[in-house]
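Okay, structure first, notes after.
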Amino acid sequence: MSSEQRKAFPFSDFEPKWQDVWEAKKAFRTPNPGDADFDASKPKYFVLDMFPYPSGAGLHVGHPEGYTATDIIGRFKKMSGFNVLHPMGWDAFGLPAEQYAIKTGQHPRATTEKNIEGFRGQLKRLGFAYDWDREVNTTDPGYFKWTQWIFLKLYNSYVNDAGKARPIAELEGQGLSREEIDSRRLAFVSSAPVNWCPELGTVLANEEIVDGKSEVGGFPVERRPMRQWMLRITSFAQRLIDELDGLDWPESIKLLQRNWIGRSEGAHVKFQIVGHESDVTVFTTRPDTLFGATYMVFAPEHALVDQITTPEHAAAVEAYRKVVGSKSDLERTELAKEKSGVFTGAYAINPVNNEQIPIWIADYVLMGYGTGAIMAVPAHDARDFEFAQMFALPVKQVVQPPEGKEWQGFTDHGTAINSGFLDGLTTPDAKQKIIAFLEEKSLGKGTTNFKLRDWLFSRQRYWGEPFPIVWEDGSHRSIPESELPLQPPTLEDFKPTGTPEPPLSKATDWVRYSATATRELNTMPQWAGSCWYYLRYCDAQNSKRFVSEEAEKYWMGGGKPGGVDLYVGGTEHAVLHLLYARFWHKVLFDLGYVSTPEPFQRLVNQGLIMGEDGQKMSKSRGNVVNPDDVVKEYGADSLRLYEMFMGPLEQVKPWSMKGVEGVYRFLARVWRLVMEVSEEGVWSLSPALQDVPANKQVTKALHETIKKCGEDIEKLSFNTAISQMMICTKTFIAEEVMPASAIVTFLKVLSPFAPHIADDLNARIATKFPALAVQGLLSDATWPKYDPAALIEDEVEVVFQVNGKLRDKARVPIQATKEEIEKIALASARVQEFMEGKTPKKIIVVPGKLVNIVV
RNA sequence: GCCGCUGUGGUGAAAUGGUAAACACAGCAGACUUAAAAUCUGCUGGAGGGCAACCUCCUUGCCGGUUCGAGUCCGGCCAGCGGCACCA
């Protein structure tokens, strides 16, 4: 026997066949408002996947997990009368694509094209209902034209006092200088220290650094000052926190974002430096402990260090700064087990008690947070305490902890002591009072600080969007919109230079913009294209605008804060893509280009699929499952169904090939409801299939399945929906005659999960019972309605408990009253036995469920 | 260290505060078969009792609470996973 014939059902024949039919018919084309076949009376549903990075390795089994979930939802919503937007595209710029190209000695454009083709083919073989006319590719000039256009919107905007992005022209009207205007742009040039990764030959954003190493490749990262493009995401910090509230996102992801943005409330306090004109401002979340400040610490890079250091300490300070400067972030934070620092010889004056306190420099104070200087309160801060112990600095108690707690190193709330006018106040009250005092005396003020840094937006790479910017006489300006898209130059050698000089510098012709102006040489990071791709899906072919107003209003509208109705993807983008996209969306919203303040209303994270060994899938462990192999062996429907049956979508779960066989057997049973095989291995319609009404059991099972599957799909509870379909199939199997119309209804319910087998069986049934089957595709059919009457039984099983323990059961008529059920329960011999002749204290009757007799 | 999530059979898991373990995998037994595969049927949390049908007790990480009734709600612990981390 050939392996073809041994298949339990001929999926390898009909799966490609139906994929071809769907493609030829454009079965999943979604008309836009304005199209002839657009039905404006239907509500919209925009269901989005995180579009893949088309790597050379091809799809892994994690991709179809989220994609199948959205496909089921999309197909279900379409059958339920929605206009469904369910698109797919490619996030194809970025480091890995370029590294892969370098490794294989090809141009990234060529490898990207090839990888996309591979991915597209794999996705089509899984039968996803995408509207391929809306496919987007971030590396397509027709796409990145608009990425560059949005960058120009950022470049030409600022944030006003109300916290809204506005056109920069408003500032020009106010007569501000060029420098003042440049310093307020949302896309601006900065020379602050950045994360430079020598191995990758590029700078990286904070979000791309994990444990002091590059997220891609795990290479060391060092800080060095470089002239770079930044995006002013910090101006949106508060809104990015506040506007999470209206979103249906997992709390854990909201929390991740809130923590990353890292809002903390406190105060700025000004300290006078002894013998100097200048003062220094510190940020503290505990202004109530100001009386306990016994020394001060500056970050080694602090600008005032040179001015205040006394001659006798200059050598030590210089030496220390040199040591710190050579350390990577990793060495400075992760690996620093002990505090270090040196005294500058200078003193500051504590504004509340005029005490002179020494100023030290130490690398535990970071230049990038707050003001780069702190007041040290060793009694009530763990780090200051450790430092004070090490260098024998004084420790002064100013907070009285609750009874039984040691004051040294006590960092929680308590009562102020040794703090003059604050004594006796609780920590929150003391904070309020000291802030009022500082503000009144102009010594400081209440402030909110954020951990979030501005987004470092330029990369020294070839494979990214070039900036639509030129430089002339040391200043930058945008190129006209009419010159977009700005294509990258054709380069034979696009490898990183190994220095901060971007590879685009090698394109000497391209670089020269005019006799006096040259192009910006950096490119945008990978995240740029993914910040707005969901908008492009709404109107992917538009060459006049990034998305038409009409299409944006329809697909992104709907009266909720977020436009996309459901967004499914991995949790790894919690503080990268999801934060960046929200930021861009808010800018576009403020400027009037989009109609909602948030991009994604409902977010769901699918859980990671582990290898059969319970470990994360990786090539080195050899536990990677290739979806192509699964499709070949068991078919696309089996793969889809298995990935949904494994367990809850959001949960981490291990792969099991035996589990795939389980759902495969289920599909084979469904197949044999309708089909039978001859001795020669030829399949034909089973004679058991007849035009007869379904009996009571079958009707009940079928309507329970319609109800449960519909409800479970809405809840994304696919595993329980599938188990219900398995139960229903068993009920069918027990029958001698298969009622054709009931089978067709069942196939409609199955079709979002396993669309190939469902369409195939329906078409086969249609050959014999044209009036009973769906004419055409099941995806164009209407989701069946369940009949509540069909679910009701004449009798239900009621459980009898004595003192909460199950003692007996009985079937009682559905319409039995509480009193009647109670009577039946009390009459039960077993119930009486366990009551031991005692009188019931209390009897609880839950009709249709149970009786609990308390004695 | 801080924050979050998760702990249920041999395994993946299910269970609006109401029969714990549905559905599936694995295992065992049987039917069909010359045989195997495939398919179908039955059994399958633990301990104890009974010739048997069956019966009793225990069981959702641990301890306590609320409740007629807790896997589910509340408090305290423990373990695993994930995130953040010298952020003043």
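In what follows, every chain begins at residue 1, and chains take the letters A, B, ... in the order their sequences are listed. In this text, all values refer to a predicted model and were calculated from it rather than measured experimentally.
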Looking at every strand, decide which applies to A:R669 at a 4.0 Å heavy-atom threshold: base, sugar-phosphate, or nothing. sugar-phosphate

Looking across every strand, which nucleic acid part, if any, lies under 4.0 Å from A:V663 by heavy atom: base, sugar-phosphate, or nothing? nothing

Pairs touching residues 796-808 of chain A that satisfy side-chain hydrogen bond (donor to acceptor under 3.5 Å, both in side chains), sequence neighbours left out: A:D808-A:S828

Any N/O pairs under 3.5 Å between the protein and nucleotides 26-29 of chain B? List them or say none.
| residue | atom | partner | partner atom | Å |
| --- | --- | --- | --- | --- |
| B:A26 | OP2 | A:R665 | NH2 | 3.4 |

Taking side-chain hydrogen bond (donor to acceptor under 3.5 Å, both in side chains) as the definition, give me every residue that meets it alongside A:D245, ordered by chain and number, with sequence neighbours left out. A:R258

Contact class for A:P648 (heavy atom, under 4.0 Å): base, sugar-phosphate, or nothing? sugar-phosphate

Just the rounded figure in Å: distance from C1' of B:A88 to CD1 of A:I361. 17 Å

Please confirm whether the ring centroid of A:F9 lies under 6.0 Å from the ring centroid of A:W683. no

Does the plane of the ring in A:F387 sit parallel, tilted or perpendicular to the ring in A:W360? Use 30° and 60° as the thresholds. perpendicular

So for atom NZ, which belongs to A:K445, do other residues, nucleotides or ligands contribute more than 12 heavy atoms lying within a distance under 6.0 Å? no

Between the base of B:C86 and the side chain of A:K339, is there a donor-acceptor distance below 3.5 Å? yes

Using the ring centroid of each side chain, check whether A:F391 and A:Y295 are separated by less than 6.0 Å. no

Partners passing salt bridge (charged side-chain N to carboxylate O under 4.0 Å, His left out) against A:E833 (at least two apart in sequence or in another chain): none

Students often get this wrong, so: under 4.0 angstrom with heavy atoms, is A:K730 touching a base, only sugar-phosphate, or nothing? sugar-phosphate

A:D384 near the nucleic acid: base, sugar-phosphate alone, or nothing, with a heavy-atom cut-off under 4.0 Å? nothing

Check whether A:Y580 reaches the backbone of A:W455 with its side chain - one donor and one acceptor, N or O, closer than 3.5 Å. no

For RNA chain B, what are the stems built from at least three Watson-Crick or G-U pairs in a row, each pair having both distances below 3.5 Å? B:1-7 with B:78-84, B:10-12 with B:23-25, B:27-31 with B:39-43, B:45-49 with B:54-58, B:61-65 with B:73-77

Please list all pairs passing the salt bridge (charged side-chain N to carboxylate O under 4.0 Å, His left out) test where one or both residues lie in residues 646-656 of chain A, with sequence neighbours left out. A:E65-A:K653

Quick test: give all pairs of protein nitrogen or oxygen and nucleotides 52-57 of chain B nitrogen or oxygen below 3.5 Å, distance rounded to 0.1 Å.
| residue | atom | partner | partner atom | Å |
| --- | --- | --- | --- | --- |
| B:U56 | OP1 | A:R830 | NH1 | 3.1 |
| B:U56 | OP1 | A:R830 | NH2 | 2.6 |
| B:C57 | OP1 | A:R807 | NH2 | 3.2 |
| B:C57 | OP2 | A:R807 | NH1 | 3.2 |

Does anything in residues 843-855 of chain A form a salt bridge (charged side-chain N to carboxylate O under 4.0 Å, His left out)? List the pairs, not counting sequence neighbours. none

Could I get the full list of side-chain hydrogen bond (donor to acceptor under 3.5 Å, both in side chains) partners for A:D454, not counting sequence neighbours? A:T234

With sugar-phosphate meaning primed atoms plus P, OP1 and OP2, does A:L850 contact a base, only sugar-phosphate, or nothing at under 4.0 Å between heavy atoms? base

Pairs under 3.5 angstrom, nitrogen or oxygen only, protein versus nucleotides 68-73 of chain B, please.
| residue | atom | partner | partner atom | Å |
| --- | --- | --- | --- | --- |
| B:C68 | OP1 | A:K842 | NZ | 3.2 |
| B:C68 | O2' | A:N852 | ND2 | 3.3 |
| B:C68 | O2 | A:N852 | ND2 | 2.6 |

Any protein N or O atoms within reach of nucleotides 2-12 of chain B? Criterion: under 3.5 Å, listing atom names and distances.
| residue | atom | partner | partner atom | Å |
| --- | --- | --- | --- | --- |
| B:G12 | O2' | A:M646 | O | 2.5 |

Please enumerate all residues that pass salt bridge (charged side-chain N to carboxylate O under 4.0 Å, His left out) together with A:K254, with sequence neighbours excluded. A:E251

